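Keep in mind that what you see is a predicted model, and the values were worked out from it rather than measured.
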Amino acid sequence: MSDALSLTGSGSTPAPVGGSARGPNLDGRTHPAGIGLFFFVLAGGVGYALFNLITDMQAAGQPPLAIGAFALLGLALLIALGFEFVNGFHDTANAVATVIYTHSLPPVAAVVYSGVLNFLGVVVSTGAVAYSVVTLLPVELVLKAGSSAGYAMIFALLIAAIIWNLGTWALGLPNSSSHALIGSVLGVGFANQILAPEGSETSGVQWDQAWSVLRALLFSPVVGFVMAGLLLLAMRFVIRNRALYREPEADAPPPLWIRALLILTCGGVSFAHGGNDGQKGMGLIMLILIGAAPTAYALNRTMAESATPHFVDVSERARSVFRDRAEQAPVPSAADARAQITKALGKKELDRPEIYAALAALSDDVATKVKEYGAIRHVPAEATPNLRNDMFLASDAIHSLEKREGLFVGEEAKTLRAYETSLNDGTRYIPTWVKVSVALALGLGTMVGWKRIVVTVGSRIGKKHLTYAQGASAEITAAGTIGLAEAYGLPVSTTHILSSGVAGTMAANGSGLQWATVRNLAVAWLLTLPAAITLAGLLYAGLRVVL
């Protein structure tokens with residue numbers, strides 16, 4: 001734990017990067033009290049998660065899991081939280097680089113401050129990003145999350161992402177955990193499609209959703225570079241105080257108002273990072289829980305009974321929309337409807353009368369069951385997996401149909417959006433203990449291993465030392481971009497946005513770029529997706545045999 005939280009704050013100083021400024025003290029021996037506190041919080045978090053997991057299962061009437069199944073569930077949860085831990089010290093180091101290299105905060109204070117803001121960002125997040133990652137996965141595996149193939153999927157994509165993150169961290173490269181995870185998801189999708197029997201249309205990646213995510217990942221660094229550079233130029237025009245554009249003098253902190261600005265922007269990036277990146281692990285954890293303990297987690301049993309009349313009403317209105325579009329197509333049984341919709345989702349051929357008839361049958365069956373039980377929380381254990389899968393299929397089909405511009409307008413569009421929201425409210429939720437567990441993993445990860453990435457961002461991108469204005473511009477841009485992406489439910493890379501923002505400010509300031517570092521960052525950016533795809537695909541194929 002040489003890079004871990006140090007309560008002493010002492011250490012050596014890296015070589016200066018230009019001008020009279022001197023780099024911050026990053027090396028220091030970890031105080032025994034710091035190590036003890038770290039492991040105390042870690043053990044407390046594990047115990048908290050285990051207690052709530054068992055409590056939820058007992059409250060829902062989930063039959064006790066066999067020892068082997070419980071061990072597999074525990075291993076999957078530990079790997080998922082391990083990914084968030086690595087994400088913490090890999091990605092969050094970008095947020096603290098600017099305050100450390102401008103001497104606005106000592107390294108220890110910056111890391112703890114960032115860890116706390118990451119924790120808060122995760123806890124108050126909406127969950128939209130979490131399920132946007134899940135919707136990239138093959139429908140076949142999502143519906144069978146508790147099968148051996150489902151566990152192989154989870155293990156493969158998380159282990160592949162962790163391996164790539166640790167490899168780039170060892171080289172000090174600010175790689176994107178988001179890119180690594182999305183690449184791993186794609187790799188599992190490709191491998192599952194290759195291994196699936198002929199005629200299995202839902203075995204591959206859901207490309208309509210994948211393209212939206214990939215566009216966000218690919219263009220966000222460009223946004224970071226351009227917007228940070230423009231913001232710096234705008235600050236030069238509006239704020240004429242020269243102190244803002246000077247390099248830090250020796251180890252002296254900046255003037256109080258500049259220091260407050262930089263601390264505020266660092267907190268904004270950390271909070272936004274927690275809200276966006278923390279959700280990626282949440283979605284996968286929920287998939288693990290749904291597969292292993294469907295009675296407790298497949299449906300949102302926290303929904304109030306008062307929500308049932310609205311759910312039934314909007315289901316019936318959606319059924320009317322589907323029946324109008326079905327024309328003369330016969331309405332099939334619920335079982336046949338399920339099979340037809342699954343097949344149509346794989347082929348992306350949903351806009352057909354017989355599929356609308358199937359959606360009418362499925363929505364009617366879902367509404368009837370919820371009405372019969374009185375509320376989602378009262379659905380018995382034996383009916384939970386089928387009801388959840390039916391709601392997932394209907395929601396996924398509506399989401400795909402809504403992407404076709406002009407297909408539904410006016411009241412029809414409004415009705416289907418309301419129905420999709422109701423379906424998602426019943427199946428897409430994240431218990432508080434999952435949020436807290438992920439927040440702890442991300443926050444504790446922030447306090448370990450941060451130094452390598454901090455040095456790269458703070459001193460190896462530009463030829464000159466980072467100025468106060470450059471640090472503020474990069475972090476304001478990063479916080480705004482990440483926060484906006486979370487609002488739209490899109491996973492983006494904190495690493496790439498912030499490091500691109502720093503590069504953009506260097507270019508706008510005429511400071512020059514260290515092209516060796518820029519080249520390495522670009523290589524890591526280009527290689528992450530194919531490397532993660534290959535790693536995850538091979539791991540998935542191997543684990544399918546083992547499990």
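No donor-acceptor pair under 3.5 Å is formed between the side chain of Asp396 and the backbone N or O of Phe392. Judged purely by atom type and a 3.5 angstrom limit, Glu84 has no side-chain atom pairing as donor or acceptor with the backbone of Ala80. Put simply, the side chain of Asn300 gets close to the backbone of Asp425: a donor and an acceptor are under 3.5 Å apart. Side-chain atoms of Ser184 come within 3.5 Å of backbone atoms of Leu157 as a donor-acceptor pair (strictly under, hydrogens ignored).
Counting only heavy atoms from C-beta outward, the side chains of Leu42 and Leu444 approach each other to under 4.5 Å. A heavy-atom distance below 4.5 Å is found between the side chains of Ile162 and Phe83. Here the side chains of Val492 and Glu486 are not in contact, with every heavy-atom distance at 4.5 Å or above. With contacts defined as side-chain heavy-atom distances shorter than 4.5 Å, the pair Phe85/Leu442 does not qualify.
The side-chain contact (heavy atoms from CB on, under 4.5 Å) check on Leu72 picks up Tyr151, Phe155, with sequence neighbours excluded. Looking at residues two or more places apart in sequence or on another chain, you find a side-chain contact (heavy atoms from CB on, under 4.5 Å) between Ile163 and Ile159, Leu535. Every residue was checked against the salt bridge (Lys or Arg N to Asp or Glu O under 4.0 Å) condition with Asp56, not counting sequence neighbours, and none meets it. The side-chain hydrogen bond (donor to acceptor under 3.5 Å, both in side chains) search around Asn386 returns none, not counting sequence neighbours. Thr265 pairs by the side-chain hydrogen bond (donor to acceptor under 3.5 Å, both in side chains) definition with Glu475, not counting sequence neighbours. In this structure, Val46 has no side-chain contact (heavy atoms from CB on, under 4.5 Å) partners at least two apart in sequence or on a different chain. Checked against side-chain hydrogen bond (donor to acceptor under 3.5 Å, both in side chains), Arg388 has no partners two or more places apart in sequence or in another chain. A search for salt bridge (Lys or Arg N to Asp or Glu O under 4.0 Å) contacts involving Lys403 returns nothing, not counting sequence neighbours. In this structure Gln58 satisfies the side-chain contact (heavy atoms from CB on, under 4.5 Å) test together with Ile54, sequence neighbours excluded. The salt bridge (Lys or Arg N to Asp or Glu O under 4.0 Å) search around Arg301 returns none, not counting sequence neighbours. With sequence neighbours excluded, the residues forming a side-chain hydrogen bond (donor to acceptor under 3.5 Å, both in side chains) with Ser395 are Asn424, listed by chain and number.
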Report, one line per pair, each donor and acceptor closer than 3.5 Å where one atom sits in a side chain of residues 540-547; sequence neighbours left out.
from, atom 1, to, atom 2, distance (Å)
Tyr540, OH, Asn192, OD1, 2.6
Tyr540, OH, Arg544, NH1, 2.7
Arg544, NH1, Asn192, OD1, 3.4

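At most 12 non-hydrogen atoms from other residues, nucleotides or ligands lie less than 6.0 angstrom from CZ of Phe70.
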